[in-house]
Amino acid sequence: MTLYLYNTLSRTKEAFVPLNPDHVGMYVCGPTVYDLAHIGNARPVIVFDVLYRLLKRRFKRVTYVRNITDVDDKINAAAKAEGVAIDVITARTAKAYHDDMAALGALPPDEEPRATQTIAEMIAMIETLIAKGHAYAAEGHVLFHVPSFAEYGRLSRHNQDELIAGARVEVAPFKRDPRDFVLWKPSDADLPGWDSPWGRGRPGWHIECSAMSKKYLGVTFDIHGGGRDLVFPHHENELAQSVCANAAPFVRYWVHNGFLTVEDEKMSKSLGNFRTVREELEKAPGEALRLAMLKTHYRQPLDWTDHGIAEAKADLDRFYGALKAMRSFEVLDPNDPANTGQVWSVQIVPPLDDDLNTPRAIAGLHTMARQAHRLIPRLEADIERLTESGQKVLRRADIEAVIASNEALGKPLMELLIRKNMMLHGGALLGILQNDPLHWFQGAMATITPIVRGVVSPVVTSSIDINAQIEARNAAKKARNFAEADRIRDELKAAGIVLEDRPGGKTEWRRA
RNA sequence: GGCCAGGUGGCGGAGUGGCUACGCAGCGGACUGCAAAUCCGUGUACACGAGUUCGAAUCUCGUCCUGGCCUCCA
């Protein structure tokens with residue numbers, strides 16, 4: 001099986017063949033830390049987290065680099081507005097970013113360089129560009145000279161004339177060409193600055209990614225990711241700088257995620273529909289937000305809605321319901337070659353291999369959940385019998401023994417074991433379904449969801465002894481006192497507790 | 001204005017030439033004391049017009065609509 005990725009450079013899906021078959025390098029543009037991450041910032045993080053997980057599974061070593069931009073005029077403005085030092089803003093925002101992304105289930109990158117710690121490399125790169133005639137200093141600025149790079153515009157498919165014609169930028173008088181962009185700019189005394197051959201100043205926006213990717217991944221590397229809106233000018237400029245400075249190819253696969261709207265509108269502060277990750281986490285567990293994100297293919301436009309969040313939560317309830325019913329089955333080690341044939345179904349990995357088709361992978365999870373739910377009712381008693389003799393886990397080896405003596409019973413048990421593992425390991429690639437199912441339904445994460453359903457959040461009910469109530473209700477049921485049984489159930493429901501009577505007389509509960 | 005995406009059933013959302021995507025909601029049924037959960041069954045679809053083809057949601061051309069980029073932006 002081969003992984004295919006859509007390469008913005010060629011505008012086609014290409015087979016992914018890394019430069020070094022044992023070591024893949026991936027760079028994704030990270031946040032500018034001046035404010036809380038919004039839900040649009042989260043999309044590339046989640047998308048490339050899935051790609052990272054997929055690459056890690058397939059290649060011996062993956063180095064994932066995601067920068068933090070901690071020098072920027074928006075940061076300067078935020079610091080000024082609050083009357084605090086710049087590093088107060090950047091430290092606080094970076095911390096919040098880490099917390100938020102972790103809540104969304106994103107693995108930390110292998111390297112997270114900061115722009116302010118890569119200044120020397122940026123200056124060196126700018127000097128090289130000047131020496132090679134691709135850049136020039138003027139009035140304390142250094143500018144990249146676009147006409148010096150014939151291929152400029154290839155990534156974004158802008159031709160040079162259109163760029164000039166369409167340019168609405170005020171053209172600074174010291175620019176030799178209106179398209180020339182800043183590599184270095186002077187800083188006043190009250191702005192952050194570093195000494196350089198062109199005086200005290202700070203880097204332009206694009207150079208940092210060129211310098212940081214080179215530092216950690218080399219001049220040529222495999223994957224560069226980011227939002228589609230970064231294609232121009234940011235990635236186009238990065239490409240120009242890096243190719244000209246390094247005299248080497250830059251990125252082999254450019255991967256861009258699509259844009260996001262909120263309730264059908266562009267998210268913007270002026271429309272008042274700006275949603276931070278933090279706000280959304282109040283509505284639903286991060287895992288549900290993550291699934292809501294992955295239910296749309298990464299290159300498609302995504303409309304972020306409360307309804308979508310609720311649907312994703314419902315999907316997870318369904319998946320976790322199946323996993324709960326299969327909780328006594330062994331979790332197989334996917335790295336054990338003996339398991340690979342069983343664990344990896346055609347349902348999850350092939351869709352992801354096809355340019356990260358997460359919606360189809362999720363459809364595969366639904367299929368497995370349905371197949372599991374079909375088998376469970378007629379096996380529940382057997383599962384209980386097999387696990388009650390002190391042994392809590394139903395191992396693969398045990399089931400094989402059952403098959404040897406009773407194929408009709410053992411085979412469906414094995415089917416269930418496989419379904420559980422497919423869901424678990426498929427879910428791991430998507431970054432979901434790794435919680436304990438009981439915790440999912442009964443723990444704290446289950447209680448903060450109702451907002452998106454337009455339902456009043458139930459009162460926290462730690463004072464109610466749920467098990468005692470269930471016992472009382474079952475006693476009433478046995479006495480055929482259904483009025484009392486229903487009263488207890490309604491009382492619990494009002495407190496946010498839903499009861500589910502299992503066949504066999506057991507009653508389970510979950511938070512609504 | 002230039003460039004680039006996208007328009008699929010009540011909703012979300014896959015699918016690139018012929019075969020049920022999937023999920024939610026709806027409706028019918030099973031299970032249940034009644035529910036919940038779950039299972040089974042089921043209707044409505046490919047923006048519009050023309051063309052290519054034995055055959056098009058899928059290819060071509062045109063039209064309309066939406067969004068993005070061109071300026072900081074995921």
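Quick note on labels: first sequence line is chain A, next is B, and so on, each numbered from 1. Remember, predicted model here, so these are calculated numbers, not experimental data.
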For this session: May I ask you to say what A:Leu499 touches in the nucleic acid, namely base, sugar-phosphate or nothing, with a heavy-atom cut-off under 4.0 Å?
Result: base
Exercise. Is A:Glu263 atom CD crowded by more than 12 heavy atoms from other residues, nucleotides or ligands, each under 6.0 Å away?
Worked result: yes
Seminar exercise, completed: Taken in chain and number order and not counting sequence neighbours, the residues that satisfy salt bridge (Lys or Arg N to Asp or Glu O under 4.0 Å) with A:Arg176 are none
For this session: Taking only the side-chain heavy atoms of A:Pro44 (C-beta and beyond), determine which of B:A74, B:C4, B:A36 contains the nearest atom.
Result: B:A74
Seminar exercise, completed: Paired with A:His141, the ring-ring contact (aromatic ring centres under 6.0 Å, His included) test is passed by just one of A:Trp184, A:Phe174, A:Phe181, namely A:Phe174
Seminar exercise, completed: Separation of B:G12 atom P from A:Leu294 atom CG, nearest Å, is 19 Å
For this session: For B:C59 and B:G17, measure between their P atoms and round to the nearest Å.
Result: 8 Å
Exercise. So, are A:Asp486 and A:Arg489 salt-bridged, with charged N and O less than 4.0 Å apart?
Worked result: yes
Exercise. Starting at the 5' end of RNA chain B and moving along, which residue's nearest nucleotide shows up first, A:Asn41 or A:Lys13?
Worked result: A:Lys13
Exercise. How long is the line joining CZ of A:Phe274 and C1' of B:A74, in whole Å?
Worked result: 11 Å
Problem set entry | From CA spacing to verdict: ring pair (Phe, Tyr, Trp, His ring centres under 6.0 Å), A:Phe250, A:Phe221 | CA-CA 6 Å; A:Phe250 182 41; A:Phe221 59 94; 5.3 Å; yes
Problem set entry | Distance between P atoms of B:G29 and B:C54 (Å, rounded) | 48 Å
Exercise. Rounding to the closest angstrom, what is the interatomic distance between B:A35 and B:C19 at atom P?
Worked result: 40 Å
Exercise. Which of the following nucleotides, B:A74, B:A14, B:C70, is nearest to the side chain of A:Asn357?
Worked result: B:A14
Exercise. With rounding to whole Å, what would you report as the distance between B:G49 and B:G12 at their C1' atoms?
Worked result: 29 Å
Would you tabulate the pairs of protein nitrogen or oxygen atoms and nucleotide nitrogen or oxygen atoms of nucleotides 42-48 of chain B closer than 3.5 angstrom?
none

Problem set entry | Closest heavy-atom pair and its distance - A:Lys477, A:Phe482 | O-CE2, 4.1 Å
Exercise. Which whole number of Å gives the distance between the P atom of B:U52 and that of B:A14?
Worked result: 32 Å
For this session: Rounded to the nearest angstrom, tell me the gap between atom CZ in A:Phe232 and atom C1' in B:G2.
Result: 12 Å
Exercise. Rounded to whole angstroms, how far apart are CG on A:Asp306 and P on B:G12?
Worked result: 14 Å
Exercise. Between B:A21 and B:U71, how far is it from one P atom to the other, in whole Å?
Worked result: 44 Å
Exercise. A:Arg228 CZ to B:G68 P: how many Å, rounded?
Worked result: 12 Å
Problem set entry | Partner residues of A:Ala211 under the side-chain contact (heavy atoms from CB on, under 4.5 Å) criterion, sequence neighbours left out | A:Thr118, A:Glu121, A:Met122
Exercise. Taking the same atom, P, in B:C27 and in B:U60, what whole-Å distance lies between them?
Worked result: 42 Å
For this session: Looking at every strand, decide which applies to A:His38 at a 4.0 Å heavy-atom threshold: base, sugar-phosphate, or nothing.
Result: base
Seminar exercise, completed: In 5'-to-3' order, the base (B), backbone-only (S) or no-contact (-) status of each nucleotide in nucleotides 18-33 of chain B, using a 4.0 angstrom heavy-atom cut-off, is ---BSBS--------B
Problem set entry | Short side-chain N/O contact to B:G13 OP1/OP2 from A:Thr296, under 4.0 Å | yes
For this session: Please round to the nearest 0.5 Å and tell me the distance separating atom CD of A:Gln469 and atom CD1 of A:Ile466.
Result: 9.0 Å
For this session: Report the residue (A:His373 or A:Lys74) whose heavy-atom-nearest nucleotide on RNA chain B is the more 5′ of the two.
Result: A:His373
Exercise. Using a 3.5 Å cut-off on both pairing distances, which stems of three or more Watson-Crick or G-U pairs include RNA chain B?
Worked result: B:1-7 with B:64-70, B:10-12 with B:22-24, B:26-30 with B:38-42, B:47-51 with B:59-63
Exercise. Which residues satisfy the salt bridge (Lys or Arg N to Asp or Glu O under 4.0 Å) test with A:Lys185, sequence neighbours excluded?
Worked result: A:Asp73
Exercise. Taking CZ from A:Arg275 and P from B:A74, how many angstroms apart are they, rounded to a whole number?
Worked result: 19 Å
Exercise. Between B:G43 and B:A50, how far is it from one P atom to the other, in whole Å?
Worked result: 29 Å
For this session: Would you indicate what A:Glu508 reaches in the nucleic acid, counting non-hydrogen atoms under 4.0 angstrom: base, sugar-phosphate, or nothing?
Result: nothing
Problem set entry | Whether A:Glu287 side chain and A:Leu433 backbone form a donor-acceptor pair below 3.5 Å | yes
Problem set entry | Point-to-point distance, once rounded to the nearest 0.5 Å, from CZ of A:Arg275 to CD of A:Glu280 | 4.5 Å
Exercise. What nucleic acid atoms does A:Gly40 come within less than 4.0 Å of, heavy atoms only: base, sugar-phosphate, or nothing?
Worked result: base
Exercise. Is there ring stacking between A:Phe259 and B:G67, where the centres must be under 5.5 angstrom apart and the planes under 30 degrees?
Worked result: no
Exercise. Can you check whether A:Met293's main-chain N or O pairs, donor with acceptor, with A:Arg43's side chain at less than 3.5 Å?
Worked result: no
Exercise. Do we get A:Arg66 above A:Phe48's six-membered ring, with its NZ or CZ under 6.0 Å from the centre and within 45° of the axis?
Worked result: no
Exercise. CZ of A:Arg154 versus P of B:C4: gap in Å, rounded?
Worked result: 16 Å
For this session: Please work out if A:Arg43 contacts a base, only the sugar-phosphate, or nothing of the nucleic acid, heavy-atom cut-off 4.0 Å.
Result: nothing
Problem set entry | Spacing of A:Leu294 atom CG and A:Leu352 atom CG [to the nearest 0.5 Å] | 9.0 Å
For this session: Return the value, rounded to whole Å, for the distance between atom CG of A:Leu302 and atom C1' of B:A5.
Result: 15 Å
